[in-house]
Structures are given as structure tokens and as C-alpha cells.
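Written below as C-alpha cells is the structure these notes are about.
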Number of protein chains: 2
Amino acid sequence: MANRFDTKTRILDAAERLFAERGFSETSLRLITSKAEVNLASVNYHFGSKKELIRAVLARYLDVFMPAASQAINTQRKLEQQATLEQIFSSLVGPLLKLNQLCPDGTRTFLQLLGRGYIESQGHLRWFITSHYGEHLQTFVRAVTESVPEIPAADIFWRLHFTLGTVVFTMASADALMEIAAADFAEQNDIAAVIRKVIPYISAGVAVSGK
Amino acid sequence: MANRFDTKTRILDAAERLFAERGFSETSLRLITSKAEVNLASVNYHFGSKKELIRAVLARYLDVFMPAASQAINTQRKLEQQATLEQIFSSLVGPLLKLNQLCPDGTRTFLQLLGRGYIESQGHLRWFITSHYGEHLQTFVRAVTESVPEIPAADIFWRLHFTLGTVVFTMASADALMEIAAADFAEQNDIAAVIRKVIPYISAGVAVSGK
DNA sequence: GTCTATAGGTAGATAGAC
DNA sequence: GTCTATCTACCTATAGAC
């Protein structure tokens with residue numbers, strides 16, 4: 001088990017799990033390296049700093065998800081003359097769930113990391129994401145705009161940010177929420193179930209008429 | 001009314017601003033006491049520990065907001081036989097905006113603190129909030145449940161947490177969002193305007209039929 | 001109540017042997 | 001590339017003078 005993967009990968013695997021569970025600032029390099037069973041100094045040798053390790057963890061997912069997501073949206077576009085909002089949001093579910101092949105629990109890990117990334121770290125990660133994956137993000141915004149042409153661009157801007165907040169906060173607290181739902185409502189949910197619950201919510205919110 | 005130059009109040013004022021901006025774990029007692037221009041040791045003298053300071057910061061807002069919110073909901077209830085979701089959410093706007101009298105930017109600060117409290121600190125603050133203000137929360141949940149009786153309780157649970165995420169994230173990024181809206185769409189918004197935009201969004205999401 | 005001084009711990013990062 | 005050992009910085013918390 002010890003040398004099953006190279007050190008760099010072992011660090012990434014341990015770090016993403018701990019970052020997703022506990023957040024970035026609550027996860028020390030000592031904790032990461034002890035879980036990964038590698039030496040403390042190897043993080044700085046392979047990644048330079050903790051900040052760059054965080055970016056590397058996110059990039060490993062974004063590099064897979066972002067192209068897959070914009071491709072799924074473009075495929076959707078060719079099938080339907082006018083895709084509904086639910087169809088657009090739903091077309092992201094495939095690329096999201098495919099992340100489970102990258103890593104066990106990959107979907108949940110990725111979304112939690114994304115949430116932490118937007119909330120923690122004074123916007124550094126926000127900038128990293130929009131600057132490195134801006135083209136894919138635009139594909140998405142354009143598809144949404146076309147699907148609800150009656151909504152003014154300014155309202156779409158606001159509502160997509162409301163949506164980002166919904167998803168990001170939900171994913172950051174997903175573990176706690178699933179636990180409460182299990183205790184209070186005897187519901188056994190996984191991350192796919194939570195995604196299925198949130199899609200009607202955000203679709204209705206973005207499409208609602210009137211101020 | 002507490003003395004503005006009282007050490008305890010100075011600590012609370014500095015702490016809430018920094019906690020809201022940077023998060024709890026990213027804010028050291030040294031930073032708080034230097035901004036408050038008080039001695040480092042005074043935090044432990046007045047509050048015992050950092051953890052209790054965090055609770056005190058939140059409590060100062062919750063003690064004002066929670067009773068005002070549940071009273072507003074009960075007043076609403078007497079006026080309307082069956083309040084709509086938009087009416088229920090709108091009845092919270094008054095109590096929320098009144099927090100600006102407590103402190104400049106009180107509304108935004110409170111909502112940011114609430115978001116941090118739910119995401120950081122491994123559920124300690126979540127427990128604190130639900131155990132100390134559970135009765136007021138129940139008033140709210142009950143009003144929502146009655147206004148959409150066709151929605152199962154478990155779905156209401158999920159959708160109210162989606163809503164919490166929407167509001168909290170939006171408030172956390174409110175400055176950046178209002179700036180972008182001004183530049184890109186020539187819109188001049190304040191916090192009250194953002195709240196008016198978010199109410200239709202969350203109302204539609206909570207009320208949407210179907211899974 | 002407020003201060004100085006410091007204890008006692010943990011963080012990220014690095015030098016240098018191997 | 002990997003290790004040990006260590007540096008520097010910062011953290012929360014407290015003891016004790018005033």
C-alpha cells in the first residue's frame with residue numbers, strides 16, 4: 001500500500017479529502033503528509049507552497065470537469081432547439097457524476113472544494129477559476145441566456161450568482177445536511193440525490209417572472 | 001445603550017467586522033485587539049476564550065433579530081389567513097434592515113457571520129444557534145410549511161437550507177456583485193435592493209412543485 | 001480592569017545530509 | 001527525491017504587577 005502511487009499523487013489524494021472535509025485553513029500540511037504517509041518536506045518540494053497545493057488540488061478536477069461540462073452543454077444545444085433551464089442544469093449532472101471515476105466520492109469532493117474555494121481565501125481561488133476557465137463559464141452563461149430570453153441580462157447576472165451561492169453553500173455543508181436529513185426525516189441521501197433536489201430549486205429561481 | 005468606547009464593545013465591534021470579512025479561523029485575537037485598540041489580554045478577560053467571543057458576536061445580532069423576526073411573522077399571520085411565501089420572506093426584510101441601526105452595515109455583517117457560522121467550526125455554531133433560538137426558528141419553519149402545505153417536510157428542510165445558502169453567499173459577495181452590476185448594467189443597488197431581487201428567486205425555489 | 005511578559009503550542013517553510 | 005532537524009513566525013491563553 002505504501003508506494004502504490006508516487007508521492008505527488010499521494011499528497012493530492014490526501015489533501016483533497018481533508019480540504020473538502022475541513023476546509024483549507026483548518027487543514028495543516030502536517031495532517032496531510034501524515035495521512036498520505038509521506039514526509040512533511042515533500043509538499044514544499046513538489047508543490048512549492050500550501051497555496052499552490054490548493055490550486056493543484058482544484059485544477060485536477062477543473063481540468064476534467066470544465067471541458068466536459070461545456071461539451072455537454074453544446075451537445076444539448078444541438079439536440080434541442082430551445083433547451084429548458086432544467087435541461088441545461090441537468091446536462092451538468094453527467095460530467096459531475098463522472099468525477100466519481102476520477103476518485104471515490106469525486107463528485108462530492110469537487111463540489112465541496114469549489115464551495116470552500118469561493119468562500120475561503122479572499123477571492124484568490126475565485127480569480128484562479130474565472131481566469132483559467134472563463135471560456136467554459138461563458139458557454140454556460142450563453143446557454144442560460146438563450147433558454148430564458150424574456151429575462152433581462154441584469155436579472156440573469158443576479159440570479160446566476162444566487163444560484164452559485166445556493167450550490168456552493170449546500171455543497172460546503174452537504175455532510176452536515178445529509179446527516180440531519182437522515183436523523184430527522186430518515187432520508188438516506190448521497191451527493192447525486194442532493195443534486196437532484198437542488199436542480200428544480202435553482203431552475204425555478206432563475207426563470208421566475210417579475211422582480 | 002452600551003458605551004461606544006467600552007472595551008468589551010470595542011472588541012465586539014472589531015471582531016464582528018473581521019470575522020465577517022475573513023472568517024473565524026483566519027482572524028487572530030491579535031488582529032482584533034489591534035483594530036479595536038485594546039490590549040490583547042482583554043479578550044480573555046472579558047470573554048474567556050476566542051470561541052466564546054465568536055458566540056458573543058453572533059448572539060448580539062441573534063438576540064435582536066430572532067425575536068423581531070418571529071414577531072414579524074406572527075403579525076403577518078394575523079393579517080393574512082394564508083400568507084404567501086413572498087409575504088413570509090418579505091416580513092423578514094424589516095427585522096433584517098433594522099440591524100443597520102445596531103451597527104453600520106449590520107444587515108450584511110449579520111448574514112455573513114451566519115454563513116461563516118454554518119460552514120466553519122465543525123457544527124459548534126450550528127448547535128449554538130439551533131439550541132438557543134430553536135423556538136424562533138420553528139415559528140419561521142411552521143409559517144413556511146403552512147404556506148406551502150403540498151411540499152413534504154423533508155423537501156422544505158432542504159429548500160430552506162438552499163435558501164440560507166443563497167442569501168448568505170449573496171450577502172458575502174454583495175460588494176463585488178453591486179460593483180459589477182453598476183459597471184455592466186448601469187444599476188445602482190444597495191443591500192435593500194439586493195434583498196428585493198432575491199426574494200422572488202428564493203420564493204420560487206421553495207414553492208416549486210416536483211422533485 | 002488594564003497592562004507586560006511569557007508560556008506552550010502549532011503553523012509553513014527550508015537547509016543540508018544521504 | 002526523501003529524510004531529519006530546525007528556523008521563524010504566529011497563535012491562544014495566562015500569570016502577576018499595577
Side-chain angles (χ1 to χ4, degrees), chain A residues 1-60 113 116-117 119-122 124-125 128, chain B residues 1-60 113 116-117 120-125 128:
Chain A
M1 196 60 147
N3 276 338
R4 205 174 145 197
F5 300 105
D6 62 5
T7 300
K8 208 169 168 176
T9 308
R10 295 175 64 80
I11 292 170
L12 285 171
D13 289 344
E16 70 170 30
R17 234 174 62 87
L18 292 166
F19 284 152
E21 275 173 17
R22 313 160 49 92
F24 302 114
S25 63
E26 296 289 336
T27 303
S28 67
L29 297 185
R30 282 172 170 81
L31 183 59
I32 293 168
T33 52
S34 81
K35 290 275 178 194
E37 294 177 55
V38 300
N39 188 272
L40 171 60
S42 58
V43 172
N44 280 76
Y45 177 79
H46 285 286
F47 297 95
S49 69
K50 184 180 179 181
K51 204 177 237 176
E52 287 171 86
L53 170 62
I54 293 173
R55 285 212 306 246
V57 164
L58 264 165
R60 193 163 61 151
L113 289 170
R116 305 261 186 210
I119 290 166
E120 289 189 49
S121 75
Q122 255 80 40
H124 289 118
L125 287 176
F128 170 72
Chain B
M1 180 62 81
N3 184 348
R4 203 174 155 194
F5 300 101
D6 182 66
T7 298
K8 206 169 170 176
T9 308
R10 294 174 65 82
I11 293 170
L12 286 171
D13 288 345
E16 70 169 31
R17 234 172 62 87
L18 292 165
F19 284 152
E21 275 172 17
R22 314 160 48 93
F24 301 114
S25 63
E26 294 290 335
T27 304
S28 68
L29 297 184
R30 279 178 163 77
L31 184 59
I32 293 168
T33 51
S34 81
K35 288 276 179 195
E37 293 177 55
V38 300
N39 189 272
L40 172 60
S42 59
V43 172
N44 281 77
Y45 176 79
H46 285 287
F47 297 96
S49 69
K50 183 181 179 179
K51 205 177 237 174
E52 286 171 86
L53 170 61
I54 293 173
R55 286 211 306 246
V57 163
L58 265 164
R60 193 165 59 152
L113 289 170
R116 305 265 187 204
E120 288 190 49
S121 76
Q122 254 79 40
H124 289 118
L125 286 176
F128 169 72

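Model, not experiment: these values are computed from the prediction. Side chains are part of it too, since the values below use all heavy atoms of this structure and drop only hydrogens, waters and symmetry mates. Lettering follows sequence order; numbering is per chain, from 1.
In this entry the distance linking CZ of A:F47 with P of C:dT14 reads 16 Å, nearest Å. One atom, CZ of B:R10, and another, C1' of C:dT2, lie 13 Å apart when rounded to the nearest Å. Rounding to whole angstrom units, NZ of residue A:K50 and P of D:dA9 are separated by 19 Å. In this structure, A:I32 places its CD1 atom 11 Å from P of C:dA11, rounding to the nearest Å. In this entry the distance linking OH of B:Y45 with P of D:dA15 reads 15 Å, nearest Å. Look at NE2 on B:H46: it is 15 Å from C1' on D:dT14, rounded to the nearest Å. The CD-P distance, from B:E37 to C:dG1, rounds to 20 Å in whole Å. Following rounding to the nearest Å, A:I54 (CD1) and C:dA13 (C1') show an atom-to-atom distance of 15 Å.
Between B:S42 and C:dT2 there is no side-chain N or O to OP1 or OP2 distance below 4.0 Å. Between B:N39 and C:dT4 there is a side-chain polar atom (N or O) within less than 4.0 angstrom of OP1 or OP2. Look at B:T7 and you won't find any side-chain N or O under 4.0 angstrom from OP1 or OP2 of C:dG1.
Between B:L29 atom CG and B:S34 atom OG the span is 11.0 Å, to the nearest 0.5 Å.
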Full working for side chain to side chain contact (heavy atoms under 4.5 Å, CB included) between A:I32 and A:F19
CA-CA 9 Å; A:I32 293 168; A:F19 284 152; 3.8 Å; yes
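With hydrogens and angles disregarded, a donor-acceptor distance shorter than 3.5 Å links the side chain of A:R116 to the backbone of A:A20.
The side chain of B:S49 lies closest to D:dA13, out of C:dA15, D:dA13, D:dT2. Looking at the side chain of B:N44, the nearest of the listed nucleotides C:dA15, D:dT14, D:dT2 is D:dT14. Candidate nucleotides C:dT14, C:dG12, D:dA13 were compared by shortest atom distance to the side chain of A:R30, and C:dG12 ranks first. Candidate nucleotides C:dT14, C:dA11, D:dA13 were compared by shortest atom distance to the side chain of B:L29, and D:dA13 ranks first. For A:L40, counting side-chain heavy atoms from C-beta on, the closest listed nucleotide (C:dT4, C:dA13, D:dT4) is C:dA13.
Looking at A:T7 and A:S42, their side chains never bring a donor and an acceptor atom within 3.5 Å of each other.
Using a 4.0 Å heavy-atom cutoff across all strands shown, A:T27 reaches sugar-phosphate atoms only and no base atom.
Surrounding CZ of B:R17 are at most 12 heavy atoms belonging to other residues, nucleotides or ligands under 6.0 Å away.
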